[in-house]
Chemist: 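Input: one structure, supplied below.
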2 protein chains.
Amino acid sequence: MVAPERRRRLTISDVAKHAGVSKAAVSKVIRNDYGVSEAMRDRVQRAIDELGYRPQAAARALRGRSFTIGVLMRHIGIPFYAEIMTGLVDQLAESDYQAIMIQGGTRDKTEKRALDALIDRQVDGILTIAPMVGRTQLEQVAREIPTVVLGRHNRSPAYDSIVDDDRIGSELVMDHLIALGHRRIGHITFHQEHGRTADQMPRIRAETYERVMRDHGFADEIAVAATSYSEEGGYDGARELLSRAPRPTAIFAGSDEAALGVLAALHEAGLSVPGDISVAGYDNTRLAAHPNIALTTVNQDGDVMGRMAGRLLLERIEGRTSAVHFSVIPSLVVRRSTAAPRPCPADTGTQMPSE
Amino acid sequence: MVAPERRRRLTISDVAKHAGVSKAAVSKVIRNDYGVSEAMRDRVQRAIDELGYRPQAAARALRGRSFTIGVLMRHIGIPFYAEIMTGLVDQLAESDYQAIMIQGGTRDKTEKRALDALIDRQVDGILTIAPMVGRTQLEQVAREIPTVVLGRHNRSPAYDSIVDDDRIGSELVMDHLIALGHRRIGHITFHQEHGRTADQMPRIRAETYERVMRDHGFADEIAVAATSYSEEGGYDGARELLSRAPRPTAIFAGSDEAALGVLAALHEAGLSVPGDISVAGYDNTRLAAHPNIALTTVNQDGDVMGRMAGRLLLERIEGRTSAVHFSVIPSLVVRRSTAAPRPCPADTGTQMPSE
DNA sequence: TCGCGTACGTAGACCGGTCTATGCAAGATA
DNA sequence: TATCTTGCATAGACCGGTCTACGTACGCGA
């Protein structure tokens, strides 16, 4: 019982022999290096094509580049991340670089392990999407490898960053709701304990919410549920907001995930959307678009972000050392989850569903 | 303007020097190889810890293993894939292997490129999730690298495969609908032109549907819309089925994606679910669980599948050469999208919404 | 013809690990 | 005592690329 002979892979030497030239010459052709005659190029290229040779990334990595971009994300099941990847892959398609992804999970330890794994695999550039790891550590990574951080407002001169302009996005939502006639608008935010590693994003959305409320003279109506951006957080937050009297006529959830939780809570409470309450989210996930959900939300152009990430990484690999911070302007997507509040003769005294 | 000195990475030689031993000794300790005294192990381990050394995967790959498992998937935004990854990562957590993912996209060419990229990066094992590439090519890959194919019924002695038992899953749905009292049940299937690379999965689901219908004496009620498993396919398929008179009282969509399209079409047609029509899907995606959708569907345990994939790959890497084909028994998740058909005095003559 | 610069091609070191072959010492066996 | 085994440590080849340093041929001006 012998293991089947695992066919040896073609090497650059095979190509060199087949073309009757040196390894170095083949290498030069592959890398489009200077000092190759037209005849040599043709000859080697023909040999490569005939044999179907592809260089081995590991060997290249050992000496120079691995032609690999590593992307670190918490989980893969997130449609927005998929969009980012689409943009990134598109951008890299014309280069020789390939994007690989790795899951960091939601624990510091697993994320660290994943990040190390990318570094150990000699990737030429790293894109981290909404990482949990602290700035200091990111800077350390960035010193070794070109790095782009997406979705964290935590700037650093050591790495490039790409963020959505959350201030503008939140204003879009609030202006929309207020234009519809709402004034008792609740907000669900993400409460982070650790100020150290916390990102400013939820804070920006919450602050903008409060500012706009105040600007319109609705300071007394400000109602924030500080739970989390998860579906569960949205559910809990919604129940908290609903327990107020009078209850809000609209809820601006800090994320679509949370908005889904809000919808679930409203559904459970027997309240209709947007009849009884309008709901808006943030992120324009794919679920938000489904007719049964039809959530008004803020669209961050993940495709553009991913594309930009690819460009910044390639630039860094080419040698740029100054940091670039890119801000993407989001847009509002109005769907059926928001409408004018139900006209009410008396503005107070709406009945609550009994607990 | 000089680029900042990029700090040289620690190598095995640094560790050896620091511990006052040979490179080979350090290598042995790292790999838990035979022929290392207790004293040596301690000494080297201490040096590794003190310096914070981590071996470089590229260098290891060149000689032996890269300790990397490559996962090829079409897109990352699919919750079911996320579950698979969770299982896989869990399974690999105790080993020294790391899973990386790569997007193959939906075109043959891009998928091929992604697959090559994994091979060029010397991964020790490959998991392909519902690949488009033909069996012959998969077999060729499998000859070079341990391979597990998930989600294709296309078996081969060259690689392991993991599939959901679609026959059982489809029976679960059909039995459920029939037990509720339905007999005019429509089905939406995925029509594939290219028999060559086509997978049998949609065929199995469709055939099981027809068989169960016949077994219950409902052969005359068989109604299949051959579109696709996408949301759009579901939408088109539903409209096709609705145009029949009498229209079905239940629709079994071959996938949740398609089921979502069905819901959208029904919503548009002003039909209520499950009041007018029951809808069932297949896959138990995350959307299916949301209260606003609450889709009855078939759950494939992605976690178990991913875990199994990891185990099979590790076994193959350890030297197993015989093929294993693993079938996961799915389960039915009953939600609010299915109910008994509306009692009707006359079974025919239900009015259609005008087109 | 000589000297020199330029263009092109190659030999061989090198990257950081693994792995084989070998050395060496201590204990077992003849 | 001589030989053999066993356990442990090491030197150095090796993986498949890249890259430096050098050799060679050719063109051109003096």
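Proteins get letters first, then strands, A, B, ... in listed order; numbering begins at 1 in each. Since the model is a prediction, treat every value here as computed from it, not as a measurement.
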Chemist: Distance alone, cut at 3.5 Å: any donor-acceptor contact between the side chains of B:Arg121 and B:Ser66?
Modeler: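 B:Ser66 and B:Arg121 do not have a side-chain donor-acceptor pair below 3.5 Å.
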Chemist: How close or far is atom C1' of C:dG17 from atom CG of B:Leu10, stated in whole angstroms?
Modeler: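 Distance check: B:Leu10 CG to C:dG17 C1' gives 14 Å.
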Chemist: Select one nucleotide: of D:dA9, C:dG17, C:dC15, the one nearest the side-chain heavy atoms of B:Ala59.
Modeler: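 The closest nucleotide is C:dG17.
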Chemist: Nearest to the side chain of B:Ser37, heavy atoms from C-beta on, is which of D:dG17, D:dT10, D:dA9?
Modeler: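 Output: D:dA9.
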Chemist: Under 4.0 Å: is that the gap between some side-chain N or O of A:Tyr53 and OP1 or OP2 of D:dG17?
Modeler: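 Yes, A:Tyr53 has a side-chain N/O under 4.0 Å of OP1/OP2 on D:dG17.
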Chemist: Between P on D:dG16 and CG on A:Asp14, what's the gap in Å once rounded to a whole number?
Modeler: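 Spelled out: CG on A:Asp14 to P on D:dG16 is 8 Å.
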Chemist: Measure from CZ on A:Arg121 to P on C:dC15 and round the result to the nearest Å.
Modeler: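 Distance check: A:Arg121 CZ to C:dC15 P gives 22 Å.
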Chemist: For B:Arg60 and C:dT18, is the shortest distance between a side-chain N/O and OP1 or OP2 below 4.0 Å?
Modeler: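 Checking B:Arg60 against C:dT18: at least one side-chain N or O falls below 4.0 Å of OP1 or OP2.
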Chemist: What's the closest nucleotide to the side chain of A:Ala24 if the choices are C:dG17, C:dG9, D:dC19?
Modeler: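 Closest nucleotide to the A:Ala24 side chain: D:dC19.
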Chemist: How close or far is atom C1' of D:dC8 from atom CZ of B:Arg31, stated in whole angstroms?
Modeler: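 Distance check: B:Arg31 CZ to D:dC8 C1' gives 15 Å.
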Chemist: Write down the distance between CD (B:Gln122) and P (C:dG17), rounded to a whole number of angstrom.
Modeler: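 Going from CD in B:Gln122 over to P in C:dG17 covers 16 Å.
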Chemist: Establish, from distance only, whether the side-chain atoms of B:Ser37 and B:Arg41 form a donor-acceptor pair under 3.5 Å.
Modeler: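 No, because no side-chain N or O of B:Ser37 sits under 3.5 Å from a partner of the opposite role on B:Arg41.
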Chemist: Of the listed nucleotides (C:dG17, D:dT18, D:dT10), which one gets closest to any side-chain atom of A:Lys23?
Modeler: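 Of the candidates, D:dT18 comes closest.
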Chemist: For C:dC14, does the base pair up with any side-chain atom of A:Arg63 as donor and acceptor (N or O, under 3.5 Å, distance only)?
Modeler: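 By the distance-only test, yes, there is a pair.
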Chemist: Would you indicate what A:Phe67 reaches in the nucleic acid, counting non-hydrogen atoms under 4.0 angstrom: base, sugar-phosphate, or nothing?
Modeler: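 No contact at all - A:Phe67 keeps every heavy atom at 4.0 Å or more from the nucleic acid.
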Chemist: Whole angstroms only, please: what is the NZ-P distance between A:Lys28 and C:dG9?
Modeler: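 Answer to the nearest Å: 8 Å.
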Chemist: Check whether any side-chain N or O of B:Ser27 sits under 4.0 Å from OP1 or OP2 of C:dT18, and answer yes or no.
Modeler: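 Affirmative; the distance criterion is met.
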Chemist: Let me know, please, whether A:Gln56 or B:Val21 comes out on the 5' side of the other along DNA chain D by nearest nucleotide.
Modeler: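 With A:Gln56 and B:Val21 compared, the 5'-side residue is B:Val21.
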